[in-house]
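Single-structure report; data block below.
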Amino acid sequence: MDHLEMLTIKDACQSISLQFGRFQDERRHDDLADLMTADACYVRLGEELQVEDFIAWIKTTTPNKTTHFVTPTAFSVVEEDIAKGVTYYTLYLYNGEEEKPYPLEGPFVVGEYHEAFARTDDGWKIQRREARIIFRKKI
């Protein structure tokens, strides 16, 4: 694989990771499935959810105002049909009734997405995403 192809793969995968957080913030839950392979798995709090179960679960969450900030992905594997890496994230959450700008008390969660991406006929997609919480706001 040449350098340009490697950069193209990294860019495609990082774009998916960024778009995933944006879709969550915009509550575009059905669009999340389009970013994942048909057999994708999302792991949250140690629980593995297949893509359809993840989408069903996320639709039941409280409609808080959220913003996900994600870093570029630190790749450990970049091959022709698979890529793996870690993306750090910070989640800001507001569950009140005020309008923008929302009061800010700091991040709700800081963590890591351990991600595996796969090349499909429709382009690169998330095959596995594990959200690992590193810091969490005291409740």
Side-chain angles (χ1 to χ4, degrees):
M1 168 184 324
D2 67 22
H3 187 66
L4 181 58
E5 186 177 359
M6 182 180 290
L7 289 174
T8 301
I9 291 169
K10 287 180 173 183
D11 183 63
C13 294
Q14 288 183 117
S15 293
I16 293 166
S17 196
L18 177 63
Q19 197 170 26
F20 198 96
R22 182 129 183 118
F23 284 175
Q24 284 181 291
D25 296 338
E26 294 173 354
R27 302 197 57 81
R28 293 172 54 187
H29 301 139
D30 290 325
D31 292 332
L32 290 171
D34 293 335
L35 302 177
M36 303 174 85
T37 63
D39 64 344
C41 176
Y42 189 98
V43 183
R44 59 171 289 282
L45 302 174
E47 179 183 15
E48 291 194 15
L49 299 170
Q50 294 306 307
V51 63
E52 60 276 352
D53 296 326
F54 167 69
I55 300 301
W57 166 77
I58 202 163
K59 286 181 176 182
T60 68
T61 60
T62 307
N64 297 315
K65 285 88 172 171
T66 62
T67 298
H68 288 77
F69 284 98
V70 298
T71 66
T73 304
F75 287 93
S76 57
V77 174
V78 179
E79 297 177 1
E80 188 175 318
D81 294 321
I82 191 163
K84 295 180 180 179
V86 175
T87 305
Y88 295 95
Y89 70 93
T90 303
L91 172 62
Y92 292 87
L93 180 141
Y94 176 66
N95 62 359
E97 297 298 322
E98 293 183 44
E99 294 298 318
K100 289 181 185 177
Y102 306 123
L104 180 64
E105 297 178 20
F108 179 69
V109 168
V110 175
E112 303 169 344
Y113 291 127
H114 290 252
E115 300 174 295
F117 303 91
R119 185 191 306 262
T120 71
D121 291 341
D122 297 321
W124 285 89
K125 306 243 180 191
I126 296 171
Q127 187 170 46
R128 178 179 174 86
R129 183 178 239 210
E130 180 178 350
R132 296 183 186 175
I133 296 173
I134 307 301
F135 297 99
R136 183 178 185 133
K137 184 177 180 176
K138 286 185 179 183
I139 299 176

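Atoms OG1 and CG, from T66 and L93 in turn, are 6.5 Å apart once rounded to the nearest 0.5 Å. Interatomic distance, CG of D30 versus CD1 of I58, reported as 11.0 Å (0.5 Å rounding). In this structure, Y42 OH and R128 CZ are separated by 11.5 Å, a value rounded to the nearest 0.5 Å. Remark: D34 CG to Q19 CD distance equals 9.5 Å, nearest 0.5 Å. Rounded to the nearest 0.5 angstrom, K100 NZ and E98 CD are separated by 14.0 Å.
Between R27 and T61 the shortest side-chain heavy-atom distance falls below 4.5 Å. Side-chain contact between F20 and H68 is absent, with no heavy-atom pair separated by less than 4.5 Å. Taking the side chain as every heavy atom from C-beta outward, M6 and F75 never approach each other to under 4.5 Å. With contacts defined as side-chain heavy-atom distances shorter than 4.5 Å, the pair C13/E115 does not qualify. Within the 4.5 Å cutoff, side-chain heavy atoms of F54 are placed close to those of L32. By the 4.5 Å heavy-atom criterion applied to side chains, Y89 and I133 are counted as neighbours.
Under the salt bridge (Lys or Arg N to Asp or Glu O under 4.0 Å) criterion, E47 pairs with R44, not counting sequence neighbours. By the ring-ring contact (aromatic ring centres under 6.0 Å, His included) test, Y92 is found to be paired with F69, residues two or more places apart in sequence or in another chain being considered. Listed by chain and residue number, E105 satisfy the salt bridge (Lys or Arg N to Asp or Glu O under 4.0 Å) test with K137 (two or more places apart in sequence, or in another chain). Every side chain to side chain contact (heavy atoms under 4.5 Å, CB included) that A33 has, sequence neighbours left out, goes to V51, I55. Residues satisfying the side chain to side chain contact (heavy atoms under 4.5 Å, CB included) criterion with V86, sequence neighbours excluded, are Y88, E112, H114. Residues passing the salt bridge (Lys or Arg N to Asp or Glu O under 4.0 Å) test with E52: none are found, sequence neighbours excluded. Residues satisfying the salt bridge (Lys or Arg N to Asp or Glu O under 4.0 Å) criterion with R28, sequence neighbours excluded, are E26, D31. In this view, V110 and T90, P107, F135 satisfy the side chain to side chain contact (heavy atoms under 4.5 Å, CB included) rule, not counting sequence neighbours. Under the rule for a ring-ring contact (aromatic ring centres under 6.0 Å, His included), the partners of Y102 that lie at least two apart in sequence or sit in another chain are Y94. By the side-chain hydrogen bond (donor to acceptor under 3.5 Å, both in side chains) test, Q127 pairs with no residue at all, sequence neighbours left out. Remark: E80 pairs with E5, R119 by the side chain to side chain contact (heavy atoms under 4.5 Å, CB included) rule, at least two apart or across chains. F108 meets the ring-ring contact (aromatic ring centres under 6.0 Å, His included) test with no other residue; sequence neighbours excluded.
Grouping the Ile, Leu, Val, Met, Phe, Trp and Tyr side chains by contacts below 4.5 angstrom, directly or via other members, places V70 with V109. Following chains of ILVMFWY side-chain contacts shorter than 4.5 Å, one cannot reach V43 starting from Y113, and the two form parts of different hydrophobic clusters. F117 and I82 sit in two unconnected hydrophobic clusters of ILVMFWY residues. Membership requires side-chain heavy atoms under 4.5 Å apart, directly or through other members. Both L35 and W57 are assigned to one and the same hydrophobic cluster, defined by single-linkage of ILVMFWY side chains at heavy-atom distances under 4.5 Å. Hydrophobic clustering (ILVMFWY, side-chain heavy atoms < 4.5 Å, transitive): I9 and L4 are in distinct clusters.
Counting only distance, with no hydrogens or angles, the side chain of T62 and the backbone of N64 share no donor-acceptor pair below 3.5 Å. The closest donor-acceptor contact from the side chain of Q14 to the backbone of T73 lies under 3.5 Å.
Checked by atom type, the side-chain pair T87/R129 shows no donor-acceptor distance below 3.5 Å.
Atom NZ of K65 has more than 12 heavy atoms from other residues, nucleotides or ligands within 6.0 Å.
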